[in-house]
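As structure tokens, the structure follows; a few thoughts come after it.
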Amino acid sequence: MLRFVQNSMDALGQIFEGLDSNPCLSEYAAAARKLREAAPGMPELRVAVLSNHTFEIETALEVECARRGFRPVFYQAGYDQYRQELLASGSGLESFRPDAVLISLDLESTFPGISAAEASGLPSLSEWLEGFQALLAAWRKRSPAAVFVHDFIPPAVSAGGPAGAALFDWTMELNAGLRRAASAVEGVFVPAVAQAACADGLTGWRDLRFWYLARVGINPKKFPILAANLARCLAALRRPAAKCVVFDLDNTVWGGILGDAGPQGIRCAGTEYPAGAYADFQRALLALRSRGILLAVASKNDWPLVEEAFRARDDMPLRPEHIAAWEVHWNPKPESLERIARKLNIGLDSLVFLDDNPAEVDLVRMACPAVRAYQMPAQPERFAAFLWKLEDFDQLKLSEEDRRRAELYQLREKQERMAAAATDLESFYRSLKTVLAPEPCGERNFDRIVQLIRKTNQFNLTTRRHDRNTLMERIAGGSELWGFRASDIHGDHGLIAVALLDFDGSTCIIDTLLMSCRVIGRTLETAILHFLEGRALARGARLLKGEYLPTAKNGPCREFYRQHGFALEAEDERGATWAKTLDSRTGCPEWITISGELTEACAKT
């Protein structure tokens, strides 16, 4: 999807530019018509819309989805039919086979008469929340499609006068309960629409004339804001998040020019303006790091002076140990970004670059178009909000590996230092005492497996971006989906590889085999193949087949099958098919232990 977005946005820019200058519904309708003509080949996402009020958001949502590089195909349920659609077997919703279900519930439609209720008359929340959670759970048993139910928009006014906020507070409690209920059901998310409505001004979000005439719960004039919020969530289903944010130092992380002001002269800590604004931006960067986004520096500066600044200004929130890669010198920043990507073993399209200098941003956009480069706002008090508004880091759910990514890269750095000090490679491998733990796909690891399938590029033999729906269908049809965890003397590396096996009589086909770039070069792929051959034998297979489908990024695994004794069956411009009889198995490297009960089962086959 990213490649399509990068290639298409220039052609579509004029459409969106005209729309943004006048974001009214008629302009959205005109933009939708132009987009269908200008970009007919956009990837599609099947979106079902359910509501308990009149909710005709499709046009605005189509445009905002197109802005993010995909086209929604809609199913619109009947008025207030969301319960029946979610519960009934063979419903129109189920037949539509959506990728995502969008549920919009109006407060007054859900709780009739609530807007006029006094504090003492507000209903209990627990019964409704329990019922709604059960409704979501019932749908989840029948479909793996992601569900987005936006939170309730509170009323702008309520009974009780200027001091009567009981209904507003009750609505906020309802929304908190809705998030708890959603978190209990896999694949259900709650877009923060109430927050957007409050930020915009609640008064305009409800037009009582439309409500009385046609039970329109949300003023259609607000559909552009709402559609942008919802499209951002839908985009996160398919678009991999950036892995690293690279930033300048002078007038970005701190105020002032270090070379002129010196360490004590830069503004970077405390609560006064502008130093407090820069400190808050540093805290925002650290919040990204806690979500698994790596931090890197690309600054035109003298390295000894930067070291001194971090040493002398220990009141700065950002510390040297938070930075995964440093590029501090006077060379062009595109070169710095390329070095950072190589060091972290990620693609340029996984980098976001932030700089206050428009010339530097323009140069990066020209020389490294895959990098997502942004110029910082003119005022530092806007920096943190600017960072949060970037959609490049959006993830609907964080895995444990995401939260630990910075730590895992530090582990990798330790291993690289050990490898450099080792006298030979085998001694290095043995010193790591690596343990590989295979585990079948389940509730505990499904999100991480889907995430790896969606974003792994370098060691990915077929780069098939299977979604959750497809994977569940394949498993139901007899395929096996495996995740692999790795640990060593430095710690737990988390789930680092995925394999999807299909079976056809006496043949086992490796549909997908991929591995995180963090562990490439440690012979783990050989241990994984050893295990997969055991699974094939356990299912009665005598022939193992696999494909290599080349992409711009998966060259590191081009020779995988050849190196492991497979024979080339067929090859054309699309890729190659390889096969191997299972009369003899690939040996597991002596320095890797395959852990758990599965080891014995594998060894017996």
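Position 1 is the first residue of the sequence; numbering continues from there.
- At least one side-chain heavy atom of Val47 sits less than 4.5 Å from a side-chain heavy atom of Leu234.
- Asn469 places no side-chain N or O within 3.5 Å of a backbone atom of Met472 that could act as its donor or acceptor partner.
- Interatomic distance, CG of Leu544 versus CG of Leu529, reported as 6.5 Å (0.5 Å rounding).
- The number of heavy atoms from other shown groups lying within 6.0 Å of CD (Gln195) does not exceed 12.
- Between the side chain of Asp467 and the backbone N or O of Thr470, at least one donor-acceptor pair lies under 3.5 Å.
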Item to complete: In sequence, state the C-alpha distance, the side-chain angles, and the governing distance for Thr586 and Lys580, and then conclude on side chain to side chain donor-acceptor pair (under 3.5 Å).
Response: CA-CA 10 Å; Thr586 299; Lys580 175 188 178 183; 2.7 Å; yes

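- You'll find the side chain of Thr110 reaches within 4.5 Å of the side chain of Phe152, heavy atoms only.
- Checked by atom type and distance alone, the side chain of Thr593 never pairs as donor or acceptor with a backbone atom of Ser595 at under 3.5 Å.
- Counting only heavy atoms from C-beta outward, the side chains of Ile496 and Arg485 never approach each other to under 4.5 Å.
- Residues Ile510 and Trp578 are not in side-chain contact: their nearest non-hydrogen atoms beyond the backbone lie 4.5 Å or more apart.
- Under a 3.5 Å cut-off, the side chain of Arg585 and the backbone N or O of His530 do form a donor-acceptor pair.
- In this structure, the side chains of Ile509 and Phe503 stay at 4.5 Å or more apart for every pair of heavy atoms.
- Asp394 contributes no side-chain N or O that, together with a main-chain N or O of Cys233, makes up a donor-acceptor pair within less than 3.5 Å.
- Remark: Arg46 is not positioned above the aromatic ring of Tyr75, lacking an NZ or CZ atom under 6.0 angstrom from the ring centre and at most 45 degrees off the axis.
- Under the 3.5 Å distance criterion, the side-chain polar atoms of Thr456 are matched with a main-chain donor or acceptor of Leu452.
- Arg142 contributes a side-chain N or O that, together with a main-chain N or O of Leu86, makes up a donor-acceptor pair within less than 3.5 Å.
- Minimum heavy-atom separation, Gly575 to Leu549: CA-CD2, 4.2 Å.
- No side-chain heavy atom of Thr171 sits less than 4.5 Å from a side-chain heavy atom of Asp151.
- The heavy-atom pair separating Met172 from Ala194 by the smallest distance is CE-CB, 4.4 Å.
- Val371 pairs in a side chain to side chain contact (heavy atoms under 4.5 Å, CB included) with only one of the listed residues (Val246, Ile340, Leu348), which is Leu348.
- The number of heavy-atom neighbours closer than 6.0 Å to CZ of Arg562, taken from other residues, nucleotides and ligands shown, is 12 or below.
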Worksheet item: Could you go step by step and tell me if Leu50 and Val101 meet the side chain to side chain contact (heavy atoms under 4.5 Å, CB included) rule?
Response: CA-CA 7 Å; Leu50 316 181; Val101 179; 3.9 Å; yes

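- If you look at Phe566 and Phe560, their ring centroids are not closer than 6.0 Å.
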Item to complete: Could you walk me through whether Leu237 and Asp99 pass side chain to side chain contact (heavy atoms under 4.5 Å, CB included), step by step?
Response: CA-CA 9 Å; Leu237 279 177; Asp99 299 308; 5.5 Å; no

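- Residue Glu590 qualifies as open at atom CD: its count of foreign heavy atoms under 6.0 Å is 12 or below.
- Taking every heavy atom of both residues into account, Arg238 and Arg454 meet most closely at O-CD, 3.5 Å.
- With values rounded to the nearest 0.5 angstrom, Glu439 atom CD is found 5.0 Å from Arg444 atom CZ.
- Heavy-atom minimum distance, Ile323 versus Ala296: CG2-CA, 4.0 Å.
- Atoms CZ and CD, from Phe74 and Glu58 in turn, are 5.5 Å apart once rounded to the nearest 0.5 Å.
- In this structure, the side chain of Ser109 does not engage the main chain of Asp106 through any donor-acceptor pair within 3.5 Å.
- Comment: Arg140 does not engage Glu186 in a salt bridge, judged by the lack of any side-chain N to carboxylate O separation of less than 4.0 angstrom.
- Under the rule for a side chain to side chain donor-acceptor pair (under 3.5 Å), the partners of Arg474 that lie at least two apart in sequence or sit in another chain are Asp502, Asp511.
- Between Ala138 and Leu87, the shortest heavy-atom distance links the atoms CB-CD2, 3.7 Å.
- The two atoms that bring Tyr82 and Ser51 nearest to each other are CD2-O, 4.1 Å, heavy atoms only.
- Sorted by first and then second residue, the side chain to side chain donor-acceptor pair (under 3.5 Å) pairs with a member in residues 539-548 read Arg464-Glu547, Glu480-Arg539, Lys545-Glu569, Tyr548-Asn554; sequence neighbours excluded.
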Discussion item. Test side chain to side chain contact (heavy atoms under 4.5 Å, CB included) on Val188 and Val149; report intermediate values, then the result.
Written reply: CA-CA 8 Å; Val188 179; Val149 50; 4.3 Å; yes

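- You'll find the side chain of His322 reaches within 4.5 Å of the side chain of Leu286, heavy atoms only.
- Rounding to the nearest 0.5 Å gives a distance of 8.0 Å between OG of Ser104 and CG of Leu230.
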Item to complete: Quick one: do Arg468 and Asp447 satisfy salt bridge (Lys or Arg N to Asp or Glu O under 4.0 Å)? Show the steps, please.
Response: CA-CA 9 Å; Arg468 179 181 293 270; Asp447 284 338; 2.3 Å; yes

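- Between the side chain of Arg448 and the main chain of Leu495, a donor-acceptor pair closer than 3.5 Å is present.
- At a threshold of 4.0 Å, the pair Asp488-Lys433 does not count as salt-bridged, since none of the basic side-chain nitrogens sits closer than that to a carboxylate oxygen.
- A ring-centre distance under 6.0 Å is found for Trp591 and Tyr429.
- Listed for the Ser95 side chain is a donor-acceptor partner under 3.5 Å among the backbone atoms of Ser91.
- Rounded to the nearest 0.5 angstrom, Gln395 CD and Ile293 CD1 are separated by 6.0 Å.
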Practice prompt. Check the pair Val73 / Arg71 against side chain to side chain contact (heavy atoms under 4.5 Å, CB included), numbers first and verdict last.
Written response: CA-CA 7 Å; Val73 177; Arg71 183 187 305 284; 5.5 Å; no

Worksheet entry | Stepwise salt bridge (Lys or Arg N to Asp or Glu O under 4.0 Å) check, Glu473 with Arg97 | CA-CA 12 Å; Glu473 289 173 359; Arg97 296 170 61 82; 2.3 Å; yes

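- Residues Ser487 and His493 have side chains that never bring a donor and an acceptor to within less than 3.5 angstrom of each other.
- In this structure the side chain of Arg522 never reaches within 4.5 angstrom of the side chain of Ile592, judged on heavy atoms.
- Here the two rings, on Phe132 and Trp139, have centers that are 6.0 Å apart or farther.
- In this structure, Leu125 CG and Glu130 CD are separated by 11.0 Å, a value rounded to the nearest 0.5 Å.
- Within a 6.0 Å sphere centred on CD of Glu559, heavy atoms belonging to other residues, nucleotides or ligands number more than 12.
- The aromatic ring centroids of Phe393 and Trp388 lie 6.0 Å or more from each other.
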